[in-house]
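One structure is given here, and the rest of the page talks about it.
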Amino acid sequence: MKDNSIYSPQTSIPEKSRVLGWSDLFSLWFSLGMGLMVLQAGAILAPGLGLAGSLAAIVLGSAVGVALLALVGVIGGQTGLSSMASLRLTLGKRGVALPVLFNLIQLIGWGAFEIVVMRDAASLLAQRAWGSGTPWANPTLWTFIFGAVATLLAASGPLAFIRVVLRRWGIWLLMASCAWLTVYLFQHADLATLWHKAGDGSMPFALACDIVVSMAFSWLPLVSDYTRFGKSARQNFWGTACGYFLGSCWMMSLGVAYTLAFVTNSTDANALLLALSGVALGIPLLLILVDEHENAFADIHSAAVSAGTSLPIGIGKLTLGIGLLCTLIAWSVPLTQYENFLLLIGSVFAPLFGVVLTHHFILRRHTQHDLNMRSLAAWVIGIAVYHLMANFLPNVGATLPSLFIAALVCWGLGRKA
């Protein structure tokens, strides 16, 4: 385990340590754009929009989401600062405390969710292979195995994980598993019929796009934790954008297609996993499961980086503590309703980064105050817009309107400064 000073969230990464090129960042974000939770997101879109409508929403929502995600990543590369540390340039030293707290809560929660998803998939595969009575189908066993592995990977640091784990074999496992699932889909599903079959109308197209955009935006508070190690703004932008767009579109599209083609019991939370476990003896699902650790790695590492912004504790110790906490939550806490709370917490980040993008790219200034009230006011207005839209215009979507309104208010207030 390394606790190297270059990982400190409070200081800028020196030029000599900015070693990640386009292919490194592409590998990372292609991998983070995939995963079992992305498959499940596709399954949510499928019934309401059908195959054609869902794919259109995925492509459009992903294009918008990754463009803004990659722009935030450029900020990390230009400043050399982690995501939460870079917020000081917009909100001030004291103003960053609340976003750090929100980010820490959501990352610990999502880290626990990733462990739960991996646990459920592993238990399901073990049951199919050896029967429900086998010790290998025990969810508790898999909870602690996956929690320990994810924590150790996070403790290795981002450079080692990206350049050793992902570049050498992680991305190839993912590509092989998705290619396998794609070939199986074309061989066993009547895609022509599915293409012409409309959805049941239970989900408006705008809301579907909002869900897809939100998937990309969930990484906004993390992206600079990795792009701060990038060689250049161009490589940061295109590596992040291309990697996440291709990975997310591919995996989410598979989630849509497999749901429409093979899922018969849509009320079962694990219905999609059951369908995937029946493909080629579950081997493609197993490969995805093996590589699912990169999402838990990102949650645990970035939670440690966020905590390190405010706490005088080394990143290595924080990583171990947060990894253990995520594992214990996954093991002991019912997470059915907690997901709604996490999504509520995450809603604050779309308007926040609308303010950040405006400050950095349009106003082109960094605050010299401990507390920037103009930026905070724009952020609060954006949060209010999000919840008003979600409650009164749910069919329109709330993520992008809140971001753009917050950005507009920030621009208007900033011009008067």
Side-chain angles (χ1 to χ4, degrees), residues 9 25 28-29 31-33 35 37-38 41 61-79 81-91 95-96 98-111 158 209-228 230 233 236-237 239-241 243-245 247-248 295 298-299 301-303 305-306 309 342-362 375 378-380 382-383 385-386 397-407 410:
L25 292 164
L28 173 66
W29 289 101
S31 184
L32 293 178
M37 297 184 75
V38 180
S62 295
V64 174
V66 301
L68 294 169
L69 176 69
L71 280 175
V72 174
V74 168
I75 296 176
Q78 291 179 341
T79 63
L81 295 171
S82 66
S83 293
M84 291 298 104
S86 67
L87 292 182
R88 292 174 175 171
L89 306 177
T90 299
L91 300 178
V96 77
L98 195 57
V100 166
L101 178 61
F102 283 152
N103 195 40
L104 186 60
I105 293 173
Q106 76 149 356
L107 288 176
I108 291 173
W110 286 124
C209 289
D210 196 55
I211 290 173
V212 177
V213 170
S214 297
M215 292 295 292
F217 278 15
S218 67
W219 296 106
L220 285 176
L222 288 72
V223 59
S224 292
D225 296 351
Y226 308 100
T227 56
R228 64 182 182 143
N236 278 336
F237 182 89
T240 301
Y244 191 89
F245 181 81
S248 178
N295 292 282
D299 291 326
H301 172 74
S302 287
V305 171
S306 292
T309 304
L342 287 172
L343 293 172
L344 181 67
I345 292 291
S347 71
V348 306
F349 290 109
L352 173 60
F353 282 94
V355 174
V356 170
L357 288 168
T358 302
H359 247 270
H360 189 83
F361 291 108
I362 299 177
S375 295
W379 179 30
V380 170
I383 294 173
V385 169
Y386 183 99
T399 304
L400 287 177
S402 67
L403 182 145
F404 288 123
I405 292 297
C410 177

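Residues L403 and F217 form a side-chain contact, since some pair of their non-hydrogen atoms from C-beta on lies under 4.5 Å apart. Counting heavy atoms from C-beta outward, L220 and L352 have side chains that stay 4.5 Å or more apart. In this structure, N295 and W219 have side chains that are in contact, with non-hydrogen atoms separated by less than 4.5 Å. Counting heavy atoms from C-beta outward, V356 and V72 have side chains that stay 4.5 Å or more apart.
With rounding to the nearest 0.5 angstrom, the OG atom of S375 is 3.0 Å from the NE2 atom of H359. The OG1 atom of T399 sits 4.5 Å away from atom OH of Y386, with the distance rounded to the nearest 0.5 Å. Considering CD of Q78 and OG of S224, their distance stands at 10.0 Å, rounded to 0.5 Å. Summarising the geometry, atom CG belonging to L69 is positioned 9.5 Å from atom CZ belonging to F237; distances are rounded to the nearest 0.5 Å. Remark: S218 OG to F349 CZ distance equals 11.0 Å, nearest 0.5 Å. Distance check: S402 OG to D210 CG gives 8.0 Å after rounding to the nearest 0.5 Å.
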*Evaluate the side chain to side chain contact (heavy atoms under 4.5 Å, CB included) criterion for residues L71 and H360: first the C-alpha distance (whole Å), next the side-chain angles of each, then the deciding distance (0.1 Å), finally the verdict.*
CA-CA 10 Å; L71 280 175; H360 189 83; over 6 Å; no
*asked:* Could you walk me through whether S83 and L87 satisfy the side chain to side chain contact (heavy atoms under 4.5 Å, CB included) test, starting with their C-alpha distance in whole Å, then the side-chain angles of each, then the deciding distance to 0.1 Å, before giving a yes or no?
replied: CA-CA 7 Å; S83 293; L87 292 182; over 6 Å; no
*asked:* As a quick check of understanding, evaluate side chain to side chain contact (heavy atoms under 4.5 Å, CB included) for N103 and M84, giving each step before the final call.
replied: CA-CA 9 Å; N103 195 40; M84 291 298 104; 3.8 Å; yes
*Can I75 and L357 be said to form a side chain to side chain contact (heavy atoms under 4.5 Å, CB included), step by step?*
CA-CA 8 Å; I75 296 176; L357 288 168; 4.2 Å; yes
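Between the side chain of T309 and the main chain of V305, a donor-acceptor pair closer than 3.5 Å is present. At distances below 3.5 Å, not a single donor-acceptor pair connects side-chain atoms of D225 with backbone N or O atoms of S82. Judged by distance alone, with hydrogens and angles left aside, the side-chain atoms of T227 form no donor-acceptor pair with the main-chain N or O of V74 at under 3.5 Å.
Taking each heavy atom of Y244 and M215 in turn, the nearest pair found is OH-O, 3.2 Å. Residues G382 and A406 come closest through the heavy atom pair CA-CB, 3.9 Å. Between T358 and A407, the closest heavy-atom pair is OG1-CB, 3.1 Å. Across every non-hydrogen atom of L107 and S302, the tightest pair is CD1-C, 3.6 Å. Contact between A303 and L104 at its shortest, heavy atoms only, is O-CD1, 3.4 Å. V100 and S306 get closest at one heavy-atom pair: CG1-O, 3.4 Å.
Y226 and T240 share no side-chain donor-acceptor pair at under 3.5 Å.
W379 and F102 have perpendicular rings, their planes meeting at more than 60° on a 0 to 90° scale where under 30° would count as parallel.
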